[in-house]
There are 2 protein chains.
Amino acid sequence: MGKANTAIAASGGYQAAEAARRHRIAVGVEIQNLSFVREGYQRGLPAVGSTLNFTENQEIYGEGDEAVLFFKVSIGVVRTCTYLSDGRRQIDAFYLPGNVFGLEVGAEHSLSAETVCNSTIISYRRRDLEMLAANNEGASRQLFSYAMQSLARAQQHAVVLGRRCAVEKVAAFLTDWAAYSPQSEILTLEMPRQDIADYLGLTIETVSRTFAHLEGKALIELPTARQIRLKDPEGLRHLNS
Amino acid sequence: MGKANTAIAASGGYQAAEAARRHRIAVGVEIQNLSFVREGYQRGLPAVGSTLNFTENQEIYGEGDEAVLFFKVSIGVVRTCTYLSDGRRQIDAFYLPGNVFGLEVGAEHSLSAETVCNSTIISYRRRDLEMLAANNEGASRQLFSYAMQSLARAQQHAVVLGRRCAVEKVAAFLTDWAAYSPQSEILTLEMPRQDIADYLGLTIETVSRTFAHLEGKALIELPTARQIRLKDPEGLRHLNS
DNA sequence: CGGGCTGTTGATCAGCCTCAATTCGAGTGG
DNA sequence: CCACTCGAATTGAGGCTGATCAACAGCCCG
């Protein structure tokens with residue numbers, strides 16, 4: 001994909017072009033931590049482990065960019081997504097601190113990655129990881145485990161996209177997001193409505209109306225647009241069959 | 001999931017209970033061949049490599065079944081899917097001869113697997129593969145590669161489910177399916193409309209109407225319900241942005 | 001020739017989208 | 001400190017796509 005391919009993975013200038021072709025967000029989230037990333041880093045293996053700072057809506061890499069590096073979120077939130085030629089966007093996942101993204105098998109990144117908010121990202125050299133895995137049984141097992149867990153998450157996402165109605169989609173999103181929130185007290189949504197919509201295959205208006213509807217049913221409360229109090233988490237979970 | 005858990009993975013009785021809770025089909029397809037499965041098998045490593053015969057709509061394993069074995073399609077077509085409690089179904093993928101399915105990281109199968117038509121399946125012991133991978137760098141790399149390619153496919157599927165309209169969904173399905181068909185001359189759909197619908201997040205009626213619509217536009221031709229002649233493959237591909 | 005299943009076609013309905021206007025909130029400058 | 005501005009979010013009205021309900025046609029098999 002065009003536009004901001006001068007980003008990280010390609011050049012050394014870690015200033016991504018303004019991303020934001022269109023916006024929408026939601027919660028998929030990578031659950032995994034790759035402990036060998038920490039290990040390798042501490043041992044100084046991937047000398048690259050450099051830290052990058054981004055403001056919101058910056059492209060980290062684009063679809064089709066050479067996949068030389070992969071990344072770990074240190075602070076902030078990152079989304080990976082696909083754009084159709086007419087601008088429609090599907091968000092694949094959100095990545096929280098500790099989550100790894102951008103790992104590929106082929107030569108290129110298959111999705112784009114962008115920051116949702118101000119974020120600090122650590123980059124690693126893919127080749128270093130491959131070398132580590134080649135000599136380390138534990139590392140290659142973790143690598144496989146990481147991929148399979150991502151796969152499981154993608155499959156669950158497909159069910160939500162294909163077979164659930166708007167209320168169920170939003171409920172699933174909130175339930176997922178809550179699982180990664182520090183306090184189950186009040187959820188802080190780091191992303192705008194557009195991201196939630198693009199994650200769930202809806203429009204911002206439908207997301208907004210659904211929030212209102214859930215509030216009407218006393219399942220949630222919206223102190224502000226970005227803060228959600230789950231008054232009845234069990235009731236929400238119940239909406240997922 | 002309940003019902004037919006006496007299937008393969010659990011007992012030795014390779015008679016799956018009638019599956020068919022509801023039906024629908026479509027084309028996702030695993031692209032990968034795991035060559036170490038062949039290798040291992042030829043070397044006699046997984047002594048299990050036993051061959052199983054199924055008629056159509058039989059459950060191979062159910063969601064939640066213990067994942068002791070994994071499988072490879074020898075003849076026929078297999079689908080993996082998720083059922084919601086109210087009967088809604090999302091088909092995750094179709095597996096063709098040579099494709100491997102049912103490989104897990106956790107203790108249980110995360111999806112159900114069922115035959116689409118009469119099929120011959122080869123079973124392998126997961127532990128054997130894990131041992132092979134532990135001592136064989138090439139095998140563990142292939143394992144990772146397999147998982148990542150499945151992941152890429154799942155991500156593409158999510159875009160179709162979340163951001164494409166009915167015509168585009170059906171066109172995407174036909175294009176995918178055509179890629180795995182021997183002749184690009186005439187496609188033979190091995191699955192009923194219900195499976196296509198559940199793969200694409202549509203209803204059978206919409207699938208049927210969309211086929212009719214594409215035929216009206218002279219993009220395809222339907223000699224029979226299960227045979228499709230792609231009159232304009234390029235036109236179909238063009239529908240995918 | 002008569003079931004039973006699969007697929008097609010028609011009519012109607014509803015959920016979600018689209019377009020549009022308004023409100024809300026945060027940041028800026030007077 | 002308050003008016004102003006701009007983007008995000010909400011809310012409303014109406015339309016369209018795809019779902020639902022229903023009837024019918026085609027086929028396979030007995």
Side-chain angles (χ1 to χ4, degrees), chain A residues 18-26 55-57 86-89 116-118 160-171 188-198 200-216 220-228 239, chain B residues 18-26 55-57 86-89 116-118 160-171 173 188-216 220-228 239:
Chain A
E18 42 65 66
R21 320 178 200 225
R22 199 154 298 197
H23 323 91
R24 316 187 183 178
I25 308 189
T55 62
E56 61 179 22
N57 291 322
D86 61 1
R88 281 177 289 178
R89 184 178 70 162
V116 169
C117 50
N118 291 347
V160 173
L161 290 173
R163 285 295 172 210
R164 311 205 91 117
C165 65
V167 204
E168 295 172 332
K169 285 179 175 181
V170 172
T188 302
L189 301 181
E190 303 294 343
M191 70 288 292
R193 296 287 185 270
Q194 188 69 65
D195 281 17
I196 302 178
D198 283 348
L200 297 175
L202 298 171
T203 61
I204 44 173
E205 293 94 334
T206 299
V207 171
S208 186
R209 274 185 255 268
T210 305
F211 277 149
H213 175 245
L214 289 175
E215 195 170 22
I220 64 173
E221 223 167 31
L222 286 148
T224 76
R226 298 292 186 97
Q227 292 197 317
I228 300 195
L239 282 176
Chain B
E18 40 64 68
R21 319 178 199 226
R22 201 153 297 197
H23 322 94
R24 318 185 182 179
I25 307 188
T55 62
E56 61 179 20
N57 290 323
D86 61 1
R88 281 177 289 178
R89 184 178 71 163
V116 169
C117 51
N118 291 347
V160 173
L161 290 172
R163 285 295 172 210
R164 311 206 90 118
C165 65
V167 204
E168 294 172 334
K169 285 179 174 180
V170 171
F173 171 80
T188 302
L189 301 180
E190 303 295 343
M191 70 288 291
R193 297 289 186 266
Q194 187 69 65
D195 281 19
I196 302 178
D198 283 348
Y199 179 71
L200 297 175
L202 298 172
T203 61
I204 46 174
E205 293 94 333
T206 299
V207 170
S208 186
R209 273 186 256 269
T210 305
F211 277 150
H213 175 244
L214 290 175
E215 194 170 22
I220 64 173
E221 224 168 30
L222 288 147
T224 77
R226 298 291 185 98
Q227 291 196 319
I228 300 195
L239 282 175

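Lettering of chains follows the sequences in order, A, B, ..., and the numbering in each one begins at 1.
- Counting heavy atoms from C-beta outward, B:L202 and B:V170 have side chains that approach closer than 4.5 Å.
- For B:R226, the listed nucleotide lying nearest its side chain is C:dT6; candidates were C:dT6, D:dG18, C:dT9.
- What separates CD of A:E56 from P of D:dA8 is a distance of 8 Å, to the nearest Å.
- Residue B:T206 places no side-chain N or O under 4.0 Å from the OP1 or OP2 atom of D:dG18.
- Side-chain atoms of B:E215 come within 3.5 Å of backbone N or O of B:L222 as a donor-acceptor pair.
- Between the axis at the start and the axis at the end of the helix from C:dC1-D:dG30 to C:dG30-D:dC1 there is an angle of 30°, using five pairs per end and rounding to 10 degrees.
- No donor-acceptor pair under 3.5 Å is formed between the side chain of A:R209 and the backbone N or O of A:I204.
- The side chain of B:R193 lies closest to C:dT8, out of C:dT8, D:dA9, D:dG18.
- To the nearest 0.5 angstrom, A:T55 atom OG1 is 6.0 Å from A:N118 atom CG.
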Sugar-phosphate or base contact per nucleotide [nucleotides 24-30 of chain D; S, B, -; heavy atom under 4.0 Å]
-------

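- Out of C:dC16, D:dA8, D:dG18, the shortest distance to the side chain of B:A166 is found at D:dG18.
- Taking for each of B:A212 and A:V207 the nucleotide of DNA chain C with the nearest heavy atom, the 5'-most of the two is the partner of B:A212.
- Here the CZ atom belonging to B:F173 is positioned 7.5 Å from the CD1 atom belonging to B:I228, to the nearest 0.5 angstrom.
- For the atom pair A:M191 CE and A:T188 OG1, the distance stands at 10.5 Å (nearest 0.5 Å).
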Distances for protein N or O near nucleotides 19-28 of chain C N or O, under 3.5 Å:
from: C:dC19; atom 1: N4; to: A:E205; atom 2: OE2; distance (Å): 3.1

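- Listed nucleotides D:dT10, C:dT9, D:dA19 differ in distance to A:S208; the shortest reach to its side chain belongs to D:dT10.
- For A:R163 and D:dG18, the CZ to P distance is 13 Å, given to the nearest whole Å.
- Atoms CG (B:N57) and P (C:dC5) sit 12 Å apart, rounded to a whole Å.
- Taking every side-chain heavy atom of A:L202 into account, C:dC17 is the closest of C:dC17, D:dT11, D:dG18.
- Listed for the A:R163 side chain is no donor-acceptor partner under 3.5 Å among the backbone atoms of B:R88.
- Taking CG of A:L239 as the start and CZ of A:R164 as the end, the distance is 9.0 Å to the nearest 0.5 Å.
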